[in-house]
Amino acid sequence: MLVDTHCHLDYGEFDNDLEEVMGRCQGMLVVNSIVQPDAVEKGLRLSEEYDNIHCTLGLTASDVDEDRFKEAKRLVREHRDRIVGLGEVGLDYYWVKNEEEREVERRHFREFIELSRDLKLPLVVHSRDAEGDCINILEGCKSRAMMHCFSGPPEEALKAVKMGCLISVPANVAYVKSRQRLVEALPLESLVLETDSPYLSPVKGFRNEPANVKYAAEKIAELKGVKVKEVEDATSENALEYFSIVL
Ligand SMILES: [Zn+2]
């Protein structure tokens, strides 16, 4: 069985053909990441309509708006029993260049980490051009996380793994060389798979979808010289255990 640990099926890109998209990933498990407070109802409804969709709830890392941050925290508390994790949350220095706003991102991130501890929810972390700070903050808070689309260097990934973090590998590992090097440096026990649909398509220029997570499994198998089934089993076990999903 395959698990897509991170995607955005509540985005408008799936409004017209979600049924077909889900038809192509039957037998898989999908963790949908809700990151916009006003999409929460829509996202939660999806996991009621489809048995194999679970969801996490957070806030886009680059969103430094104080009201939306408070609203996101309130929604996480309110829907604690309908979600399997808190996220994505984290730091994005690619979109946020201003030091004052970066400080707001870091404060929000710390508060989200505290909330995840309070509510006993596993964390899903987004970091873009901010891997070092993300890991330091997690370390300072003695928290582990699933690092979604991790794109830092192998040394930072290894440090995160030592802290108990999972590193999530997107399907575009099929052609992104730096991601391939990351996979080579990490043990299977620390990896999970994702698509980040509709983004990061393994087929350039096309909308991504959960069924494509198989390309990540195939590439990792090739890189590690093991059977695809072994990658599927190990990464699914990691994901189910992390999110406490019982089949
Ligand atoms: Zn995402």
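When reading the values below, keep in mind they use all heavy atoms of this one structure, side chains included, and skip hydrogens, waters and symmetry mates. Note that the structure is predicted; figures quoted are calculated from it, not measured. When a ligand or atom number is given, it counts from 1 through the structure's own listing order.
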Could you list the donor-acceptor pairs under 3.5 angstrom formed between side-chain atoms of residues 201-208 and any protein atom two or more places apart in sequence or on another chain?
unit_1 : atom_1 : unit_2 : atom_2 : d
Ser201 : OG     : Val203 : N      : 3.0
Ser201 : OG     : Val203 : O      : 2.8
Ser201 : OG     : Phe206 : O      : 3.2
Arg207 : NH1    : Glu13  : O      : 2.8
Arg207 : NH1    : Asp17  : OD1    : 2.9
Arg207 : NH2    : Asp17  : OD2    : 2.9
Asn208 : OD1    : Asn212 : ND2    : 2.9
Asn208 : ND2    : Thr195 : O      : 2.9
Asn208 : ND2    : Tyr199 : O      : 2.8
Asn208 : ND2    : Leu200 : O      : 3.0

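- Ring geometry for His6 against His148 counts as parallel: the plane angle stays under 30°, on a 0 to 90° scale with 60° as the upper cut.
- Under the 4.5 Å side-chain contact rule for hydrophobic residues, Val35 and Val64 do not share a cluster.
- Salt-bridge formation is not detected for the pair Arg181/Glu184: no Lys NZ or Arg NE/NH1/NH2 atom is positioned less than 4.0 Å from an Asp or Glu carboxylate oxygen.
- Counting only protein atoms, the N, O or S atoms lying less than 2.8 Å from the Zn ion (ligand 1) are His6 NE2, His8 NE2, Glu88 OE2, Asp196 OD1, ordered by chain and residue number.
- Salt bridge present: Glu139 and Lys159 bring a charged side-chain N and a carboxylate O closer than 4.0 Å.
- The salt bridge (Lys or Arg N to Asp or Glu O under 4.0 Å) test with Glu111 is passed by exactly one of Arg106, Arg117, Lys73: Lys73.
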